[in-house]
**Student:** 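Sharing a structure with you now.
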Amino acid sequence: MTEPILAVTHGVDDTRALAAALAELARPHDLILLAGDLGAGKTAFAQGFGAALGVTDRITSPTFTIVSQYEGRLGLNHLDVYRLEQLNEVLDVGLPDLLDEGGVTLIEWGDTVLPALPPTYLEIHIELPDDPEAGDDDRLITLMPVGSVWRARARAITEALRPWRAGGGEAR
Ligand SMILES: Nc1ncnc2c1ncn2[C@@H]1O[C@H](COP(=O)(O)OP(=O)(O)OP(=O)(O)O)[C@@H](O)[C@H]1O
Ligand SMILES: [Mg+2]
């Protein structure tokens with residue numbers, strides 16, 4: 001089992017920058033789940049990620065549209081499944097086709113629909129740190145590679161996120 005990769009950001013633009021660094025590693029058909037409470041920063045992450053893929057359209061929350069598709073160097077499929085009541089609705093979205101298309105797929109609240117997903121993905125939790133010393137704009141970002149394809153990329157992800165790595169005590 002691969003260790004989770006821990007990172008900390010100190011503001012919305014910092015989260016976007018972290019997401020952009022991760023996007024440099026993106027490959028066609030990648031599936032990334034974004035987990036975390038309302039307002040944690042999932043959409044902000046998608047914005048930074050998309051910008052680095054070359055998406056120029058404004059990336060907004062797809063809460064009511066369920067799926068937004070953007071063109072870039074790699075395409076971006078951005079989903080938010082918060083509103084979906086039933087797993088069936090996720091299946092109706094046609095996820096296998098989206099994944100087949102060759103872009104990268106980001107799913108906000110994706111951790112709530114695991115049975116509808118293929119077993120290979122990067123799961124990213126964004127949360128407010130427990131630390132009472134943490135600032136209001138600090139976020140703990142935990143990345144968990146799931147499946148052998150993503151586990152094989154854990155070292156590259158750790159390298160790419162070194163500037164934000166938590167627990168190292170390094171000044172940025
Ligand atoms: N370090 C940070 N990273 C991301 N967002 C931050 C950070 N610090 C403060 N924020 C603020 O938190 C909010 C994050 O909003 P965002 O829409 O990205 O959250 P979300 O997780 O997508 O919420 P929802 O569950 O409603 O979709 C923004 O207002 C942003 O400015
Ligand atoms: Mg959102």
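This is a predicted model, so every value here is computed, not measured. Throughout, numbering of the chain's residues begins at 1 and tracks the sequence. Just so you know, ligand 1 is whichever comes first in the structure, and atom 1 is the first atom listed for that ligand.
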**Student:** Distance alone, cut at 3.5 Å: any donor-acceptor contact between the side chains of H78 and E108?
**Tutor:** yes
**Student:** For ligand 1, find out whether one of its N or O atoms is nearer than 3.5 Å to an N or O atom of D138.
**Tutor:** no
**Student:** Quick check: does any side chain N or O of K42 sit under 3.5 Å from a backbone N or O of G36, one acting as donor and the other as acceptor?
**Tutor:** yes
**Student:** Would you check if the Mg ion (ligand 2) lies under 2.8 Å from any N, O or S atom of T43?
**Tutor:**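 Yes, within the cut-off.
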**Student:** Could you give me the CA-CA distance, side-chain angles and deciding distance for M144 and E3, then say whether side-chain contact (heavy atoms from CB on, under 4.5 Å) is met?
**Tutor:** CA-CA 7 Å; M144 276 168 296; E3 294 282 305; over 6 Å; no
**Student:** Show your working on side-chain contact (heavy atoms from CB on, under 4.5 Å) between L161 and L18 and close with a plain yes or no.
**Tutor:** CA-CA 7 Å; L161 301 191; L18 176 150; 4.0 Å; yes
**Student:** Carefully, step by step, assess V55 and E71 under the rule side-chain contact (heavy atoms from CB on, under 4.5 Å).
**Tutor:** CA-CA 6 Å; V55 172; E71 286 182 20; over 6 Å; no
**Student:** Can you tell me which residue and heavy atom of the protein come closest to atom 4 (C) of ligand 1, and the distance to 0.1 Å?
**Tutor:** T15 OG1, 3.5 Å
**Student:** Determine yes or no for a side-chain-to-main-chain donor-acceptor pair under 3.5 angstrom, with E127 supplying the side chain and L140 the backbone.
**Tutor:**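 No: the side chain of E127 does not pair with the backbone of L140.
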**Student:** May I ask you to check whether over 12 heavy atoms, not counting those of E101, lie within 6.0 Å of atom CD?
**Tutor:**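 Check passes, neighbour count above 12.
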**Student:** Would you please say whether a donor-acceptor pair under 3.5 Å links the side chains of T105 and N77?
**Tutor:** yes
**Student:** What do you reckon, does K42 have a nitrogen or oxygen under 3.5 Å from a nitrogen or oxygen of ligand 1?
**Tutor:**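 Indeed, backbone or side chain, K42 has an N or O that close.
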**Student:** I'd like to know if the side chain of D14 reaches the main chain of H10, judged simply by a donor and an acceptor atom lying under 3.5 Å from each other, with no hydrogens or angles considered.
**Tutor:**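 Present.
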**Student:** Counting from 1, what ligand 1 atoms have a heavy atom of W109 closer than 4.0 Å?
**Tutor:**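 In order of numbering, the contacting atoms are 25 (O).
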**Student:** Measure the distance from atom 10 (N) of ligand 1 to every protein heavy atom, then report the residue, atom name and distance (to 0.1 Å) of the closest one.
**Tutor:**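 The closest one turns out to be R139 NH2, 3.3 Å.
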**Student:** Which of the listed options, I126, V12, L18, holds the heavy atom that is closest to atom 31 (O) of ligand 1?
**Tutor:** V12
**Student:** Among T43, D136, T60, which one has a heavy atom closest to atom 17 (O) of ligand 1?
**Tutor:**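 Minimum heavy-atom distance to atom 17 (O) of ligand 1 goes to T43.
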**Student:** When you compare ligand 1 with E108, is there at least one nitrogen or oxygen pair between them that comes in under 3.5 angstrom?
**Tutor:**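 The answer is yes, given that E108 and ligand 1 share an N or O pair closer than 3.5 Å.
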**Student:** For D131, I'd like to know if atom CG has over 12 heavy atoms of other residues, nucleotides or ligands within 6.0 Å.
**Tutor:**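 Yes.
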**Student:** In this structure, does ligand 1 have an atom that sits under 4.0 Å from one of the heavy atoms of A40?
**Tutor:** yes
**Student:** Quick check against the 3.5 Å criterion: does R139 have a side-chain atom that pairs as donor or acceptor with the backbone of A40?
**Tutor:**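 A pair under 3.5 Å: yes.
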**Student:** Can you report which non-hydrogen protein atom sits closest to atom 26 (O) of ligand 1, along with the distance?
**Tutor:**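 Atom 26 (O) of ligand 1 sits closest to the protein heavy atom L38 CD2, 3.5 Å.
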**Student:** Do any N/O/S atoms of E108 come under 2.8 Å of the Mg ion (ligand 2)?
**Tutor:**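 Here the distance criterion (N, O or S atom, under 2.8 Å) is met by E108, so yes.
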**Student:** Considering only heavy atoms of T9, which atoms of ligand 1 have at least one such atom less than 4.0 Å away?
**Tutor:**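 Close to T9: 1 (N).
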**Student:** Number the atoms of ligand 1 from 1 as they appear, then name those within less than 4.0 Å of a heavy atom of D137, with their elements.
**Tutor:**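 The list of qualifying atoms is 1 (N), 2 (C), 7 (C), 8 (N), 9 (C).
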**Student:** Any atoms of ligand 1 less than 4.0 Å from a non-hydrogen atom of A44? List them with their elements.
**Tutor:** 18 (O)
**Student:** Quick one: does atom 6 (C) of ligand 1 have a protein heavy atom under 4.0 Å from it?
**Tutor:** yes
**Student:** For atom 29 (O) of ligand 1, is the nearest protein heavy atom under 4.0 Å away?
**Tutor:** no
**Student:** Looking at G41, which atoms of ligand 1 are within less than 4.0 Å of one of its heavy atoms?
**Tutor:** 4 (C), 5 (N), 14 (C), 16 (P), 18 (O), 19 (O), 20 (P), 21 (O)
**Student:** Of the protein's non-hydrogen atoms, which lies at the shortest distance from atom 13 (C) of ligand 1, and what is that distance?
**Tutor:** G39 O, 3.5 Å
**Student:** Can a salt bridge be assigned to the pair D30 and R27 using a cut-off of 4.0 Å between side-chain N and carboxylate O?
**Tutor:** no
